Student: 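Please find one structure pasted underneath; my questions will follow.
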Amino acid sequence: MKIYTKTGDDGTTGLYGGARIKKNSTRVEAYGTVDELNAVIGVARATGLDSFTEEVLSHVQVDLFTLGSELACSPGKEASLHLLEAADAERLEHAIDEVQTKLSPLKNFVLPGGSPQAAALHLARTICRRAERSVLAIEHDGAPPRREVVIYLNRLSDLLFTLARRANAEAGAPDVPWKPRATK
């Protein structure tokens with residue numbers, strides 16, 4: 001199978017279901033950003049995370065591929081896919097709750113950084129927030145995203161933040177506190 005088809009040379013891409021749309025459409029931006037998020041989670045996993053985080057993120061990567069597949073469908077063609085459900089976001093909530101029991105309470109905002117693992121997870125968190133915004137933007141094209149998709153991405157960004165704090169704790173690196181500028 002050839003990797004290149006030349007069908008996108010006119011600036012369009014095919015959706016599952018046969019429709020062709022512009023590569024700069026909000027739908028392509030949304031599933032492209034979800035793909036970018038999945039890739040940066042792969043980068044974070046390559047930094048040497050603890051086994052709990054590894055297991056959680058391995059499931060997340062499968063979820064994100066599923067989510068991207070849904071977004072890459074012609075509207076109405078998603079029914080043939082096994083889509084994310086409310087239980088998938090609940091799984092993320094359970095992971096957040098489990099991690100938080102072992103972390104010190106937050107007393108201030110934290111900056112991205114600390115250990116390399118935490119920095120990579122913070123980067124994933126910011127891309128997750130952009131993915132959430134991109135998914136919400138497809139509503140302007142007349143095909144609003146399913147509620148489960150929006151909730152999942154919102155919960156995932158919270159999970160990535162929590163896992164970044166865990167990565168710092170595991171590495172013995174403190175979270176980087178944000179210190180507001182002194183007022184004049």
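The residues of the chain are indexed from 1 along the displayed sequence. Here the structure is a predicted model, which means the values were calculated and not measured. No hydrogens, no waters, no symmetry mates; every other heavy atom, side chains included, goes into these values.
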Student: Quick one, E70 and Y31 - any side-chain contact, counting heavy atoms below 4.5 Å?
Tutor: no

Student: Do the non-hydrogen side-chain atoms of L49 and L121 ever get within less than 4.5 Å of each other?
Tutor: yes

Student: Salt bridge or not for D88 and R91, using N-O below 4.0 Å?
Tutor: yes

Student: If we ignore angles and hydrogens, is there a donor and acceptor under 3.5 Å between the side chains of S157 and R125?
Tutor: no

Student: Going by distance alone, is a donor N or O of one side chain under 3.5 Å from an acceptor N or O of the other, for Q61 and R45?
Tutor: yes

Student: Applying salt bridge (charged side-chain N to carboxylate O under 4.0 Å, His left out), name anything that partners E93, two or more places apart in sequence or on another chain.
Tutor: R155

Student: Verify side-chain hydrogen bond (donor to acceptor under 3.5 Å, both in side chains) between D63 and T66, making sure each step is shown before the conclusion.
Tutor: CA-CA 5 Å; D63 291 346; T66 301; 5.5 Å; no

Student: For A120 and T47, work out which heavy atoms get closest and say how close.
Tutor: CB-CG2, 4.2 Å

Student: Any side-chain heavy-atom pair from E132 and N154 closer than 4.5 angstrom?
Tutor: yes

Student: Would you give me the side-chain donor-acceptor pairs under 3.5 Å for residues 96-110, sequence neighbours excluded?
Tutor:
residue: T101; atom: OG1; partner: E98; partner atom: O; Å: 2.7

Student: May I ask you to test the V62-H59 pair for a side-chain heavy-atom distance under 4.5 Å?
Tutor: no

Student: Return yes if some donor-acceptor pair links the side-chain N/O of R20 with the main-chain N/O of T7 below 3.5 Å, else return no.
Tutor: yes

Student: Mind checking whether V135 and T33 have side chains closer than 4.5 Å, heavy atoms only?
Tutor: no

Student: Salt bridge check, K23 against D10: does any charged N sit closer than 4.0 Å to a carboxylate O?
Tutor: no

